[in-house]
Engineer: 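Before I ask anything, here is the structure I am working with.
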Amino acid sequence: MPKHIAVLPCDGAGKEVVPEAIKVLRAAGADFEFEEFDVNADAYLRTGVAIPDDTWKQIASADLAGVLLRLRFELDLYVNLRPARLYDDRLSPLRREDRRQVDLMIVRENTEGLYVGMGGRFKRGTDQEVAIQEDLNTYLGVTRIIEHAFGIAKREVVMIDKSNAMTFAGGLWQERWKAVAAAHPKVKTRHLLVDAAAMQLVKDPSQFDVIVTGNLFGDILSDLTAELVGGMGIAPSANINPSSGRGLFEPVHGTAPDIAGKGLVNPVGAILSAAMMVRHLGVPEMADAIEGAVESAIRARECTRDIGGELSTSQGGDAIVKRLRD
């Protein structure tokens, strides 16, 4: 029976790149049923509701689903995977001698940290205002994200925190890190403070295999690694729950309102996110084929302007489809 995939192009650039990802999936032979939902800013302005209850029920019942924070939290998609792979040396802003093989994965905790929205503003709008944002970390949440990082590592896991300053949250991360690492003695490990990690990523990103960190640091560092391999236009992501099998797969560039609707948006981030989806669904050979077609098109400069080509969004998708069919 075909997998039922909920599709949410949402706003702006999403309406251009999501169809390209579906086009590539079909060219790769994916046997999926796609169902598109009207979840976007226009619908919200009409109704005042981000995701209507009936739409939520349909999305949640799909084999895979997508819209951001509600899906991450309510479907407990606690693993955020942000790969960074250098497909062509010319895409790197680093000096030529530093352009070694870059192929790393940031494993970001996705349902805790500062993004849970705990806190508030007291005496708002006055010169005595107090704003509090709380950083939530749990034994379960920290343990399971570190365990997932070890489960996908090829050679090393690097844990990143700011435990020298954030002593309470950092203390929990340090304790769980040491305990989980001890259960995986064959995997090399390192711990870096986030400021040192940022410097090392710029100095030599090829030294990293798997990085595991909390929600905020993962958000920041994954944008840095995306820029090191060609920019946000080619950055994919997966939000998954390994136990339930549910997932949300999305390019991380956002709606890109400054270039949306002009045929300039890079479809590669969405297409590589689709490749992550089929890998998650247990079809690694299809994911490999899509990634290979993307790499071939980039190296041939058959891509959009942001990564050195002259093609439109749809032409960029066509270039990848052609390689899958040849």
Side-chain angles (χ1 to χ4, degrees), residues 76-86 98 100-113 135-222 224-225 228-229 236-247 276 279-282 284-285 287-288 291:
D76 198 24
L77 305 179
Y78 67 88
V79 176
N80 180 228
L81 299 175
R82 291 282 299 267
R85 178 180 172 189
L86 183 59
D98 290 333
R100 306 160 192 165
Q101 181 60 39
V102 180
D103 189 2
L104 63 87
M105 178 72 78
I106 292 183
V107 181
R108 167 190 172 191
E109 202 295 314
N110 211 27
T111 58
E112 296 188 352
D135 183 22
L136 175 70
N137 299 268
T138 69
Y139 182 102
L140 171 63
V142 174
T143 301
R144 66 184 183 177
I145 197 66
I146 294 174
E147 286 179 339
H148 189 82
F150 276 96
I152 66 172
K154 297 175 184 176
R155 64 178 191 273
E156 181 186 43
V157 178
V158 179
M159 197 275 279
I160 293 171
D161 64 14
K162 190 61 176 171
S163 54
N164 60 335
M166 301 171 65
T167 55
F168 301 127
L172 176 60
W173 275 83
Q174 285 291 318
E175 290 171 11
R176 300 315 305 145
W177 163 246
K178 292 173 183 176
V180 176
H184 298 83
K186 294 183 179 180
V187 180
K188 186 178 177 182
T189 61
R190 275 189 294 161
H191 165 250
L192 289 173
L193 298 175
V194 65
D195 39 3
M199 290 188 291
Q200 288 297 319
L201 280 166
V202 173
K203 180 180 179 181
D204 178 15
S206 69
Q207 68 180 282
F208 293 95
D209 174 21
V210 170
I211 291 170
V212 62
T213 190
N215 213 335
L216 177 63
F217 297 147
D219 192 359
I220 296 168
L221 292 177
S222 57
L224 169 61
T225 57
L228 293 176
V229 297
S237 76
N239 306 268
I240 64 172
N241 182 309
S243 299
S244 70
R246 293 204 178 278
M276 295 183 77
R279 192 178 299 282
H280 175 70
L281 290 172
E285 62 276 8
D288 290 342
E291 291 168 359

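Along the sequence shown, the residues carry numbers beginning at 1.
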Engineer: Could you tell me which non-hydrogen atom of Pro185 sits nearest to which non-hydrogen atom of Ala182, and how far apart they are?
Structural biologist: CD-O, 3.7 Å
Engineer: Quick one: salt bridge (charged side-chain N to carboxylate O under 4.0 Å, His left out) partners of Asp103, sequence neighbours excluded?
Structural biologist: none
Engineer: Going by heavy atoms in the side chains, are Asn80 and Glu109 under 4.5 Å from each other?
Structural biologist: no
Engineer: Tell me, please, which residues at least two apart from Pro242 pass side-chain contact (heavy atoms from CB on, under 4.5 Å).
Structural biologist: Tyr78, Val79, His148, Ile240
Engineer: Heavy-atom distance under 4.5 Å between the side chains of Ile160 and Val212, does that happen here?
Structural biologist: no
Engineer: List for me each residue that meets side chain to side chain donor-acceptor pair (under 3.5 Å) alongside Arg279, sequence neighbours excluded, and say none if there are none.
Structural biologist: Asp288, Glu291
Engineer: Just grab all the salt bridge (charged side-chain N to carboxylate O under 4.0 Å, His left out) pairs involving residues 136-155, residues at least two apart or on different chains.
Structural biologist: Asp76-Arg144
Engineer: Atom CG in Asn110, atom CD1 in Ile145: separation rounded to 0.5 Å?
Structural biologist: 7.5 Å
Engineer: Could you list the residues that satisfy side chain to side chain donor-acceptor pair (under 3.5 Å) with Arg176, not counting sequence neighbours?
Structural biologist: Tyr139, Thr143
Engineer: Looking at side-chain heavy atoms only, is the closest gap between Ile152 and Met105 below 4.5 Å?
Structural biologist: yes
Engineer: For residues 165-175, tabulate all N or O donor-acceptor pairs below 3.5 Å that involve a side-chain atom, not counting sequence neighbours.
Structural biologist:
{"residue": "Trp173", "atom": "NE1", "partner": "Asn137", "partner atom": "OD1", "Å": "3.0"}
{"residue": "Gln174", "atom": "NE2", "partner": "Asp161", "partner atom": "OD2", "Å": "2.9"}
{"residue": "Gln174", "atom": "NE2", "partner": "His191", "partner atom": "NE2", "Å": "3.0"}

Engineer: Just grab all the salt bridge (charged side-chain N to carboxylate O under 4.0 Å, His left out) pairs involving residues 181-194, residues at least two apart or on different chains.
Structural biologist: Glu156-Arg190
Engineer: Below 4.5 Å, heavy atoms only, C-beta onward: do Ile211 and Val107 meet side chain to side chain?
Structural biologist: no
Engineer: The criterion is side chain to side chain donor-acceptor pair (under 3.5 Å); which residues satisfy it with Asn215, sequence neighbours excluded?
Structural biologist: Arg108
Engineer: For Leu193 and Ser163: C-alpha separation, side-chain torsions, deciding distance, then whether side chain to side chain contact (heavy atoms under 4.5 Å, CB included) applies.
Structural biologist: CA-CA 7 Å; Leu193 298 175; Ser163 54; 4.0 Å; yes
Engineer: So which atom in Ala181 and which in Thr189 form the shortest heavy-atom distance, rounded to 0.1 Å?
Structural biologist: CB-CG2, 4.2 Å
Engineer: Could you walk me through whether Val102 and Leu228 pass the side chain to side chain contact (heavy atoms under 4.5 Å, CB included) check?
Structural biologist: CA-CA 9 Å; Val102 180; Leu228 293 176; 6.0 Å; no
Engineer: List for me each residue that meets side chain to side chain donor-acceptor pair (under 3.5 Å) alongside Asp209, sequence neighbours excluded, and say none if there are none.
Structural biologist: none
Engineer: Please report the closest heavy-atom contact between Met276 and Ala238, naming both atoms and the distance.
Structural biologist: CE-CB, 3.6 Å
Engineer: Atom CZ in Phe217, atom CG in Leu224: separation rounded to 0.5 Å?
Structural biologist: 14.0 Å
Engineer: Which residues pass the ring-ring contact (aromatic ring centres under 6.0 Å, His included) test with Phe150, sequence neighbours left out?
Structural biologist: Trp177, His184
Engineer: Any heavy-atom pair between the side chains of Leu216 and Asp135 that's under 4.5 Å?
Structural biologist: no
Engineer: What residues form a side-chain contact (heavy atoms from CB on, under 4.5 Å) with Ser222, not counting sequence neighbours?
Structural biologist: Arg82, Ile106, Thr225
Engineer: Please identify each residue that fulfils side-chain contact (heavy atoms from CB on, under 4.5 Å) with Ser244, with sequence neighbours left out.
Structural biologist: Asn241, Arg246
Engineer: Do Val158 and Val210 make a side-chain contact, defined as non-hydrogen atoms from C-beta onward lying under 4.5 Å apart?
Structural biologist: no
